[in-house]
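In what follows, a structure is listed as structure tokens, so that the remarks can point back to it.
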Amino acid sequence: MHHGPWNTPKAVNYSNVKIEFYYVHFSLCFHFINDDWPGYSLDLFNYPTHYSGDLDCVIIPHGVIMDRTERLARNIMDDLGDHDIVVLCVLKGGYQFCADLVERIKALSRNSNHTIPMRVHFIRLRSYLVSPPSRPLSAGIVGTGKTMETLLQHVKAFKPKMIKVAGLLVKRVQHSLASVPDYVGFEIPNRFVVGYALDYNEYFRDLNHICIISESGKKKYKV
Ligand SMILES: O=P(O)(O)OC[C@H]1O[C@H](OP(=O)(O)OP(=O)(O)O)[C@H](O)[C@@H]1O
């Protein structure tokens, strides 16, 4: 059985290899969340009471997302030099990450002599067309990478000087495509995550933390 970098039955044993692989080939640096990470108890944080019982745990608290996003903004500023940026936000799941990332790039831009003109556009994509996919539905996240690859083909047709992809989350899924975003916040286990604009049947986008949905939550919001 082939155990490629994305096919990791024992993530702990493979994690160093994986991180090193990306350092070498993509100069990437991201926070790796192990498959056996139990997450934080929901009791430690505030979250909307209408989701009581619908979640198992907090996997990434909102504050950590904010701090990581701030660092990604700095990396992007450092790499882009004096190029103008045209931001293309992938709706719906990417709206919160995009908004926060843009906000931090703006803050860096106005508080230093290194300033980058930025325009923002939006595109609506879905990872499936008619029938629901067999894999979990989630949003604002790179799962198989098919959505990202499809979008990149379209964007390349406009012949931009440079294309960089930022994704807050990359999920370790089997059969994923080889390419990963240039800027990644966190690599996470292949579990169903919601919150921070990631939905389950349009619910949970109004939750600040990234959480694991519970079985009862899935039943409650099933369509
Ligand atoms: O890497 P992939 O396996 O292709 O999946 C990633 C895509 O799936 C999600 O969108 P979704 O279809 O859930 O729509 P939404 O963002 O509007 O919720 C997400 O926002 C990405 O666009």
Side-chain angles (χ1 to χ4, degrees), residues 4-8 11 18 22 26 28 30-33 35 48 51 54-55 59-60 62 65 68-69 72 86-102 120-157 163-214 217-223:
W6 296 94
N7 185 6
T8 53
K18 188 179 300 186
Y22 287 118
F26 302 103
L28 261 184
F30 49 72
H31 190 295
F32 184 96
I33 298 177
D35 283 354
Y51 291 135
D54 303 335
L55 303 162
I59 186 165
I60 313 175
H62 184 252
I65 301 168
R68 184 75 187 111
T69 303
L72 291 178
V86 178
V87 176
L88 186 57
C89 172
V90 182
L91 299 172
K92 293 180 185 179
Y95 87 84
Q96 192 65 65
F97 174 56
C98 182
D100 288 328
L101 187 63
V102 164
V120 184
H121 294 274
F122 299 87
I123 189 166
R124 174 85 166 100
L125 291 178
R126 289 203 69 88
S127 55
Y128 64 98
L129 280 175
V130 181
S131 55
S134 53
R135 65 199 152 81
L137 272 180
S138 58
I141 178 173
V142 177
T144 61
K146 283 179 189 159
T147 305
M148 184 178 81
E149 287 295 318
T150 305
L151 180 59
L152 279 174
Q153 292 314 313
H154 286 282
V155 172
K156 279 175 188 163
I163 305 174
K164 296 283 185 189
V165 179
L168 180 66
L169 306 176
V170 170
K171 210 184 250 193
R172 283 190 295 279
V173 297
Q174 290 189 0
H175 314 303
S176 65
L177 300 180
S179 62
V180 288
D182 302 280
Y183 303 95
V184 177
F186 305 88
E187 192 196 286
I188 62 168
N190 188 11
R191 299 186 64 188
F192 203 114
V193 293
V194 292
Y196 196 67
L198 308 180
D199 75 311
Y200 177 71
N201 294 328
E202 297 301 328
Y203 288 92
F204 300 102
R205 295 199 205 269
D206 57 338
L207 170 69
N208 276 352
H209 313 292
I210 293 175
C211 299
I212 305 283
I213 190 171
S214 66
K218 282 185 197 166
K219 276 190 199 127
K220 186 168 162 187
Y221 298 106
K222 198 175 169 189
V223 288

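In listed order, ligands and their atoms are each counted from 1. From a predicted model like this one, the values you see are computed outputs, not experimental measurements.
Note that the CD1 atom of I33 and the CD atom of E187 stand 9.5 Å from one another [nearest 0.5 Å].
Heavy-atom contacts of R124 reach the following atoms of ligand 1: 15 (P), 17 (O) (cutoff under 4.0 Å). Per-residue contacts place K146 under 4.0 angstrom from the following atoms of ligand 1 (heavy atoms of the residue considered): 1 (O), 4 (O). Near D199, the atoms of ligand 1 lying under 4.0 angstrom from a non-hydrogen atom of the residue are 18 (O). Close approach of ligand 1 to G145 is summarised as follows: ligand atoms under 4.0 Å from at least one heavy atom of the residue are 1 (O), 2 (P), 3 (O). Atom numbering of ligand 1 starts at 1 in the shown order; those under 4.0 Å from a heavy atom of G93 are 15 (P), 16 (O).
Inter-residue side-chain proximity for L125 and T150 is flagged as unmet; no heavy-atom pair is nearer than 4.5 Å. At a threshold of 4.5 Å between non-hydrogen side-chain atoms, the residues I59 and P189 count as touching.
For D54 and K220, the salt-bridge test passes: some basic side-chain N is under 4.0 Å from an acidic carboxylate O.
For the pair G143 and ligand 1, the shortest N or O to N or O distance falls below 3.5 Å.
Neither the backbone nor the side chain of E149 comes within 4.0 Å of ligand 1, counting heavy atoms alone.
Residues D100 and Y196 bring a donor and an acceptor atom of their side chains to less than 3.5 Å of each other.
Applying the 6.0 Å contact sphere to OH of Y203 captures no more than 12 heavy atoms from other residues, nucleotides or ligands.
Among I123, I141, L125, the residue whose heavy atom sits closest to atom 6 (C) of ligand 1 is I141.
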